[in-house]
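This is a predicted model, so every value here is computed, not measured.
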Amino acid sequence: MKERFFSLQPPVGEPTHLYKMVWEGGAFRETLSIVGGLQGDQLTGLYIASQLCRFLQRVEEGREPGYRITGKIQIFPLVNMPAMQTRSRLWSHDNLDLNMAFPG
């Protein structure tokens with residue numbers, strides 16, 4: 001399931017909305033979180049997150065025999081949209097490298 005987790009209204013232009021994908025299986029106690037897209041000049045994390053989302057969707061639909069979701073999985077494919085849009089390593093509003101600041 002796709003959920004919005006953050007919105008930012010820049011001084012000029014359209015707002016930026018960030019989303020996460022969530023899968024829940026059974027009575028869960030554990031949560032696995034996967035974060036990608038911290039730096040806008042590195043696309044590998046975004047690609048891997050999208051492939052994992054496709055796989056988990058197939059598992060949820062029962063199209064991957066032998067696999068089942070037993071906890072909560074949340075994937076944040078892209079958390080630095082402004083940097084991705086400018087293909088920059090840094091957050092465009094204050095030149096912060098989120099990879100060095102994460103998780104905060």
Rounded to the nearest 0.5 Å, what's the gap from OG on S50 to CG on L78? Could you check? 11.0 Å

Can you confirm whether more than 12 heavy atoms, excluding those of E30, are under 6.0 Å from its CD atom? no

State whether the number of non-hydrogen atoms from other residues, nucleotides or ligands found under 6.0 Å of Y19 atom OH is greater than 12. yes

May I ask you to test the F5-Q74 pair for a side-chain heavy-atom distance under 4.5 Å? no

One should read off an interatomic distance between M1 CE and Q57 CD, to the nearest 0.5 angstrom, of 11.5 Å

Are V35 and V79 close enough that some pair of their side-chain heavy atoms sits under 4.5 Å apart? yes

Going hydrophobic residue to hydrophobic residue with side-chain gaps under 4.5 angstrom, can you get from I48 over to F55? no

Does a side-chain heavy-atom distance below 4.5 Å link Y67 with L56? no

Taking all atoms of both residues into account, what is the closest heavy-atom pair of E64 and V59, and its distance? CB-CG2, 3.8 Å

Side chains of T16 and E14, heavy atoms from C-beta outward: is any pair under 4.5 Å? no

Exceeds 12 heavy-atom contacts within 6.0 angstrom, atom CD of Q51: yes

Can you check whether L46 reaches M84 side chain to side chain, under 4.5 Å on heavy atoms? yes

Point-to-point distance, once rounded to the nearest 0.5 Å, from CE of M21 to CZ of F76: 12.0 Å

What one should report as the nearest heavy-atom pair of V22 and K72 is CG1-CE, 3.8 Å

For the student: nearest non-hydrogen atoms of K20 and P77, plus distance: CA-CD, 4.5 Å

E60 side, atom CD; I73 side, atom CD1 - distance, nearest 0.5 Å: 10.0 Å

Hey, is CZ on R58 packed in by over 12 heavy atoms from elsewhere, all under 6.0 Å? yes

Looking at side-chain heavy atoms only, is the closest gap between L32 and I34 below 4.5 Å? yes

Looking at OG of S33 and CD1 of I75, how far apart are the two atoms once the value is rounded to the nearest 0.5 Å? 9.5 Å

Nearest 0.5 Å please: distance from the CD atom of E24 over to the OG1 atom of T31. 8.0 Å

